[in-house]
K.L.:
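Have a look at this one.
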Amino acid sequence: MPSSISRVNRASSPTERRSPTGPRSAQLYYEAKLGAERFVPGLWGWVVPLTIFTCALGLRLYGLNNPHALIFDETYYAKDAYALLLAGYELEWPSGADDDWLAGDPQPTHEGAYVVHPPLGKWLIALGIIPFGVEEAMGWRFSSAVAGALGALLIALIAQRMFRSVILGGVAGSLTAVEGHHLVMSRVALLDIFLMLFVLAAFGALLADRYSGRRRLAEWAAQTPAESQQWAHGPALMWRPWRLAAGVLLGCAIAVKLSALSFVLVFGIMVVLWDLQARRALGVRRWVRSGLLYDALPAMVTVLPVAAVTYLASWTGWLVSEDGWGRQAYDPTPTGLAGIVPSAVRALWNYHSSAADFHTGLESGHEYASHPLTWLFMGRPVSMHYQGLGQGEEYAHTGSVCPAESCSSAIVDLANPMIWWAGTIGLAVVLGLWLGRRDWRYGAILSGVLAGGAVWLLFPDRTMFFFYTISYHPFIILAVVVLGSLVLRAGTGPVSREGTTRHASGIVSAQQRNTVIVLCFVLLAVAVSIFFWPVWTAELLPYEQWRLRMWVQSWI
């Protein structure tokens, strides 16, 4: 269960609570007590993340047209995106539609198609088709590339704020920019990279709400007399724009894939615990009651409706249509309260009932299916494209000629082993630290992994794939950052474990050494990514070179 409730030494009396003198010093005191001190990263706090964004975007756009083919599930989502541009809802496609598509002449039918995923992710894919068309693969993959680069930017900013370190923010962003799983999912027209982006952005909004809300509590505490009866419950923080923004972003995440509902639940529990802990740390006497009444209840009656309206808005094209699949599937003579519900909404409810049955009952076998318990060990990544050629044959997608006896072109959704396995170790460390210290940051990281990964354990017989892990990929990166933060702090305290005082020169030397260690890890991770780059981007290489990168038999 995610939790940020930490051990705090609450004052035994109002007088002890107000130890500093002066309103400004009192507010700073309470901000420190609540862990909401202001952090000003300066110019580098923007230069580093924006540089990472630029590099990440370049890596994702480079060679994006290769292969010029609808690979894996692109055959569904790219064509659905094009249909949305034409009709506002998904359309059926005739036999041989992929060949027509690749020839630059897509010809869907006029019949509405039954699809099981909401439309927002496909609308985002369509945004790339508008300027680039379908003549080049850049068109249907461009939006994914931008979403992936934005994800690298966001994780850099989030890690920077969580750990109050520009260096650690740069580590998080750099690892994300070069990590293979993230890279592959940013270079294909699938929905999951958009799910990741909205989930991460919602987490960032909740993080901003946490800091702003606690600073408002600190301001209230500094201005409220210690003997005031208001200390029984504390203030009601009604207007929380960052929390509303999180509601919009979570609604967008659900509008990409319904599996985002698990993030709504887990993040909801997480922020309630944050609010309760804030009031308890502040010294509010009835912190449970006031936290639930003043924080949790307003969040429930504002954020959830905002998320629901956002989700509903993503279906506008289908709702205003007459011919979308299932659009007329509603009871024409409803009874009771159902009579006041618009027919389009009743039809949408029926649609979702059918989709829910599909998702929970999906048990068809697949060559690259895998169990969630194997995901953290990268037991079965997904091969999205593979083409073998003989010596002298031309690779049609780039014009390259096979120089060896046999060659391979592949796109394998394979994570950078060094980063991914370090993240798995990091999660074990984070769990141990959370159990021992109850640091809210560790609980937040575990919450993201719980929402994105553990939820699939509820459906053990469902067909599942490794690429589902992209939804909680940022939290794997944050687990690696935790390891980096521990390394940076090693030997830098004023007093050693033996109780001796460290000299300033020794502390500086330890800081320099630790920084070099962390940077070496990042550079080594980049080197590993360079090694695996060809099997992430469909480059043509000799078969032996492809096989050299398949370290585990189950990766093939």
Side-chain angles (χ1 to χ4, degrees), residues 1-8 10 30-31 33-36 158 161-162 198-218 220-221 231-251 253-254 260-308 310 430-431 434-435 437-455 472 475 478:
M1 179 65 65
S3 173
S4 59
I5 297 181
S6 60
R7 298 184 180 91
V8 295
R10 290 185 293 160
Y30 283 116
E31 285 182 0
K33 190 177 183 66
L34 294 173
I158 288 171
R161 185 61 185 90
M162 286 180 68
F198 287 124
V199 165
L200 180 60
F203 178 76
L206 293 174
L207 190 66
D209 173 76
R210 184 183 192 276
Y211 290 121
S212 64
R214 288 178 175 233
R215 283 195 291 269
R216 289 172 62 190
L217 285 175
W220 172 88
W231 281 94
H233 296 92
L237 306 178
M238 299 304 294
W239 174 240
R240 305 184 73 160
W242 281 113
R243 190 162 287 190
L244 293 178
V248 172
L249 292 165
L250 287 171
I254 302 169
L261 286 168
S262 62
F263 285 95
V264 177
L265 174 62
V266 175
F267 282 179
I269 296 172
M270 179 182 72
V271 296
V272 168
L273 293 174
W274 283 356
D275 290 336
L276 294 177
Q277 189 271 342
R279 291 178 182 270
R280 180 173 183 256
L282 191 64
V284 172
R285 292 191 294 274
R286 299 178 181 176
W287 53 274
V288 174
R289 180 178 178 181
S290 61
L292 295 177
L293 183 62
Y294 291 165
D295 296 319
L297 183 60
M300 183 179 299
V301 299
T302 55
V303 175
L304 293 182
V306 165
T310 302
V430 166
L431 177 60
W434 176 75
L435 291 173
R437 301 179 183 177
R438 292 297 196 273
D439 189 310
W440 69 270
R441 295 171 300 179
Y442 305 146
I445 293 170
L446 294 173
S447 294
V449 177
L450 177 68
V455 64
Y472 62 86
F475 302 95
L478 289 176

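None of the values given here were measured: they were computed from a predicted structure.
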K.L.:
Ring pair (Phe, Tyr, Trp, His ring centres under 6.0 Å) with F203: which residues, sequence neighbours excluded?
P.N.:
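For F203, the residues satisfying ring pair (Phe, Tyr, Trp, His ring centres under 6.0 Å) (neighbours in sequence not counted) are F267, F475.
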K.L.:
Once you round to the nearest 0.5 Å, how far does OG of S447 lie from OH of Y442?
P.N.:
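Answer for the OG-OH pair, S447 versus Y442, is 14.5 Å.
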K.L.:
After noting the C-alpha distance and the side-chain angles of D209 and V271, does the key distance pass the side chain to side chain contact (heavy atoms under 4.5 Å, CB included) rule?
P.N.:
CA-CA 9 Å; D209 173 76; V271 296; 5.8 Å; no
K.L.:
Would you say the ring centers of W220 and W231 fall short of 6.0 Å from each other?
P.N.:
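Between W231 and W220, which both carry aromatic rings, the centre distance is below 6.0 Å.
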K.L.:
With a 4.5 Å heavy-atom cut-off, do L249 and V199 have their side chains touching?
P.N.:
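Side chain of L249 against side chain of V199, heavy atoms only: no contact under 4.5 Å found.
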K.L.:
With a 4.5 Å cut-off on side-chain heavy atoms, are L217 and Y30 touching?
P.N.:
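Of all side-chain heavy-atom pairs linking L217 with Y30, none is under 4.5 Å.
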K.L.:
Rounded to the nearest 0.5 Å, how far does CG of L297 lie from CG of L292?
P.N.:
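These two atoms lie 9.0 Å from each other.
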K.L.:
If you compare all heavy atoms of P305 against all heavy atoms of M300, which two are closest, and at what distance to 0.1 Å?
P.N.:
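What the structure gives for the nearest pair is CD-O, 3.4 Å.
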K.L.:
Looking at T310 and G251, would you say the former's side chain and the latter's main chain have a donor-acceptor pair under 3.5 Å?
P.N.:
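Here the side-chain-to-backbone pair does not exist.
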K.L.:
In Å, rounded to the nearest 0.5 Å, how long is the span from CZ of R286 to NE2 of H233?
P.N.:
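So the gap between those two atoms works out to 4.5 Å.
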K.L.:
Taking all non-hydrogen atoms of both residues into account, name the closest pair between G247 and V303 and its distance.
P.N.:
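Shortest heavy-atom contact: CA-CG1, 3.6 Å.
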K.L.:
Contact between L276 and V272 at the side-chain level, heavy atoms closer than 4.5 Å - yes or no?
P.N.:
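Counting from C-beta outward, L276 and V272 do come under 4.5 Å.
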K.L.:
Testing R243, R280, R214, R210 for salt bridge (Lys or Arg N to Asp or Glu O under 4.0 Å) with D275, which one passes?
P.N.:
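For D275, the salt bridge (Lys or Arg N to Asp or Glu O under 4.0 Å) check succeeds only for R243.
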K.L.:
Just do the side chain to side chain contact (heavy atoms under 4.5 Å, CB included) check on V288 and R279 with the steps written out, would you?
P.N.:
CA-CA 8 Å; V288 174; R279 291 178 182 270; over 6 Å; no
K.L.:
Can you find a pair of side-chain heavy atoms, one from Q277 and one from W274, that are under 4.5 Å apart?
P.N.:
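Result no, sub-4.5 Å side-chain heavy-atom pair not found.
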K.L.:
Would you mind reporting whether R216 and R240 have side-chain heavy atoms less than 4.5 Å apart?
P.N.:
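Touching, per the 4.5 Å side-chain cut-off.
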K.L.:
Determine, stepwise, if the pair V264 / L304 fulfils side chain to side chain contact (heavy atoms under 4.5 Å, CB included).
P.N.:
CA-CA 9 Å; V264 177; L304 293 182; 3.9 Å; yes
K.L.:
Could you check whether R441 pairs with D439 (Lys NZ or Arg NE/NH1/NH2 to Asp/Glu carboxylate O, under 4.0 Å)?
P.N.:
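Salt bridge between R441 and D439, a charged N being under 4.0 Å from a carboxylate O: yes.
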K.L.:
Can you name the nearest heavy-atom pair linking S212 to W242, along with the distance?
P.N.:
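That closest heavy-atom pairing would be OG-CD1, 4.1 Å.
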K.L.:
Cationic tip of R438 within the cone over W434's six-membered ring, i.e. under 6.0 Å and within 45° of the normal?
P.N.:
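Pair R438/W434 counts as cation-pi.
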K.L.:
Roughly how far, to the nearest 0.5 Å, is CG of L206 from CE of M270?
P.N.:
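The distance works out to 5.5 Å.
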K.L.:
Taking C-beta and beyond as the side chain, do Y294 and P235 meet within less than 4.5 Å on heavy atoms?
P.N.:
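With C-beta onward as the side chain, the pair stays apart.
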K.L.:
Using a 4.5 Å cut-off on heavy atoms from C-beta on, say whether the side chain of W239 contacts that of L244.
P.N.:
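Yes; the side chains approach each other to less than 4.5 Å.
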K.L.:
Rounded to the nearest 0.5 Å, what separation is found between the CG atom of L265 and the CG atom of L250?
P.N.:
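Answer rounded to 0.5 Å: 11.5 Å.
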K.L.:
Less than 4.5 Å apart, side chain to side chain, heavy atoms only: is that true for K33 and L282?
P.N.:
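No - every pair of side-chain heavy atoms lies 4.5 Å or more apart.
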K.L.:
What are the two closest heavy atoms between I158 and G204, and how far apart are they?
P.N.:
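Of all heavy-atom pairs spanning I158 and G204, the closest is CD1-CA, 3.7 Å.
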K.L.:
First locate atom OG of S262, then atom CD1 of I254, and finally report the distance between them rounded to the nearest 0.5 Å.
P.N.:
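So the gap between those two atoms works out to 9.5 Å.
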K.L.:
Could you pull out the closest heavy-atom pair between V284 and S290, with the gap in Å?
P.N.:
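Residues V284 and S290, closest heavy atoms: CG1-OG, 3.8 Å.
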K.L.:
Cation over ring, R161 on Y211, under 6.0 Å and within 45°?
P.N.:
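Yes, R161 lies over the aromatic ring of Y211.
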